[in-house]
Amino acid sequence: MSTTLPTPFRLTAVDGPDQPEPTPALEHLYRGFEQELLVPLWTEIGDLMPLHPRSRAVPHLWRWERLVELAARAGDLVPVGRGGERRAIALANPTLAGRPFATPTLWAAIQYLMPGEDAPEHRHTQHAFRFVVEGEGVWTVVGGDPVPMRRGDFLPQAGWNWHAHHNATDAPMAWIDGLDIPLQHLTEAQFFEFGREEISDAERIEPERSRSERLWGHPGLRPLAASAGSRGTPLLAYRWEHTDRALTDQLRLEQEGFGGTVEAGHAAVRFTNPADGSDVLPTIRAEFHRVVRGAETTPVRETGSSVYQVFDGSGTVTVGDQRWSVTRGDLFVVPSWEPFSARSEAGRTDSDAGHLDLFRFSDAPVFEALGLDRTQKDSR
Ligand code: GTQ
Ligand code: FE2
């Protein structure tokens, strides 16, 4: 028995140099291609093999004020528990077909936990991190190790680690999650397991520092007895005091005439694996940038995409043909090969030190591993 499937696509003659003349014979050839599910390269090449990257995603900005407002409302209306697993609300790039994807490879979400609430334990192949722009009081329990989360902290967590979150205070807390969900979705290699309903009383403690920090959190000192594991960083928290001090020192060195910054008025650090200096996660790079009041970064375009969150200060950021005034907490995306620059300026509500502080994460490790990384500086 033969079934006739509807043709899933329709080939039309394309106008252009080196395209065949649209004759009835060509039409007949194209109908034959359709029937046999064949597509010739010559009608598709511009889209499949472009001269330079053309992202399906667009530059876009989300205001923190609105995200927190809506997340708080979700806190009142939506329980957190088995099934949904997390009260996480993802940024959806407007041209990615309504999928909860900030870029074609990166997930970025605001997560919200009410006083006393627990997000249940699970694990998955997706690599993840948390970054805190305001508040404190949640402990993320990774492999039984309770890790406190506070403003400015960066908390990576490589795939397949058990994790739960626990709000130990009487105030709600919001933070952002970054994961490689869209990338792993494309790979069709994801796994997920539900853990215990409740974390144990021994894990429901609230230490100032995680065990991972006590072992791995001393600069330049590798513990001899510990194995770092094979995927991602063994250090589960990168504390704001260290990041802040590193950036402050870079700017002071510049002032003293010893260099130290990536360019005038622009200090930057990458969060790395203390065991080998590699990126914190196999698929995600994380950085922190500080731009001095009045300074502007050189426009750069890179393959791969990034998500930024304004940690402090205010200024103007330019992504491709978009320009926004930004302030604390605002999130925006830089799609592949879109020029990016940031300028630090006084904002409407200024109480900060006059710097524009930017947290950034990207898919750069994937592009480097595949030999697809390319950077163009001063891409004005
Ligand atoms: O906190 O474990 O935003 O598994 C998306 C998936 C957060 C989490 C997200 C997750 C988590
Ligand atoms: Fe998770």
Side-chain angles (χ1 to χ4, degrees), residues 62 64 67-68 70-72 74-75 78-93 96 99-114 117-133 135-150 153-168 172-187 189-199 203 210 212 231-233 236-237 280-284 286 307 309 329 331 333 359 361 363:
W62 288 261
W64 181 244
L67 295 185
V68 173
L70 290 164
V78 184
V80 58
R82 275 278 104 91
E85 297 292 295
R86 298 292 185 260
R87 192 185 291 111
I89 307 153
L91 310 185
N93 195 285
L96 294 180
R99 301 309 311 261
F101 300 164
T103 79
T105 53
L106 298 170
W107 165 280
I110 179 171
Q111 187 167 161
Y112 201 83
L113 263 192
M114 298 293 276
E117 258 182 350
D118 282 354
E121 187 182 57
H122 67 205
R123 65 174 173 178
H124 39 71
T125 48
Q126 288 85 356
H127 303 293
F129 72 80
R130 336 266 154 225
F131 179 71
V132 185
V133 75
E136 59 184 20
V138 167
W139 272 255
T140 180
V141 184
V142 180
D145 187 6
V147 191
M149 296 168 58
R150 291 181 291 258
D153 295 347
F154 169 72
L155 309 113
Q157 174 223 291
W160 216 237
N161 280 298
W162 291 109
H163 57 285
H165 315 308
H166 160 55
N167 188 338
M173 183 178 170
W175 66 88
I176 65 159
D177 300 311
L179 289 92
D180 58 4
I181 290 173
L183 175 77
Q184 290 212 20
H185 186 75
L186 185 70
T187 65
Q190 313 106 305
F191 292 89
F192 185 103
E193 276 181 16
F194 295 101
R196 299 161 299 169
E197 287 298 322
E198 297 273 336
I199 55 171
E203 292 158 305
S210 61
S212 82
R231 288 205 183 101
T233 176
L236 298 176
V280 281
L281 298 169
T283 53
I284 296 178
V307 179
Q309 185 173 34
L331 289 138
V333 294
F359 170 74
F361 69 102
D363 51 15

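All ligand and atom numbering here is 1-based and tracks the order in the structure.
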Worksheet item: What are the two closest heavy atoms between Leu113 and His166, and how far apart are they?
Response: CD1-N, 4.1 Å

Item to complete: Hey, could you give me the CZ/CE distance between Phe154 and Met149, rounded to the nearest 0.5 Å?
Response: 11.5 Å

Item to complete: Please report the closest heavy-atom contact between Val142 and Gln157, naming both atoms and the distance.
Response: CG1-CG, 3.9 Å

Give one line per pair: atom of ligand 1, protein atom, distance. Only N/O to N/O under 3.5 Å.
unit_1   : atom_1 : unit_2 : atom_2 : d
ligand 1 : 1 (O)  : Arg86  : NE     : 3.0
ligand 1 : 1 (O)  : Gln111 : NE2    : 3.0
ligand 1 : 1 (O)  : Arg130 : NH1    : 3.1
ligand 1 : 1 (O)  : His165 : NE2    : 2.7
ligand 1 : 2 (O)  : Arg86  : NE     : 2.8
ligand 1 : 2 (O)  : Arg86  : NH2    : 3.4
ligand 1 : 2 (O)  : His122 : NE2    : 3.0
ligand 1 : 2 (O)  : His163 : NE2    : 2.9
ligand 1 : 3 (O)  : Trp107 : NE1    : 2.9
ligand 1 : 3 (O)  : Asp177 : OD2    : 2.8
ligand 1 : 4 (O)  : His122 : NE2    : 3.0
ligand 1 : 4 (O)  : His124 : NE2    : 2.9

Worksheet item: Sequence neighbours excluded, which residues qualify as side-chain contact (heavy atoms from CB on, under 4.5 Å) partners of Ile89?
Response: Ala71, Ala74, Ile110

Fill in: Aromatic ring pairing Trp160/Phe191, orientation class (parallel under 30°, perpendicular over 60°, tilted between)
perpendicular

Worksheet entry | Arg231 atom CZ: more than 12 heavy-atom contacts under 6.0 Å | no

Worksheet item: side-chain contact (heavy atoms from CB on, under 4.5 Å) with Glu198: which residues, sequence neighbours excluded?
Response: Asp118, Arg204

Practice prompt. Give me the protein N, O or S atoms that fall under 2.8 Å of the Fe ion (ligand 2), sorted by chain and residue number.
Written response: His122 NE2, His124 NE2, His163 NE2

Discussion item. Tell me whether the rings of His165 and His163 are parallel (<30°), tilted (30 to 60°) or perpendicular (>60°).
Written reply: tilted

Fill in: Which atom of Pro182 lies closest to which atom of Thr105, heavy atoms considered
CD-O, 3.4 Å

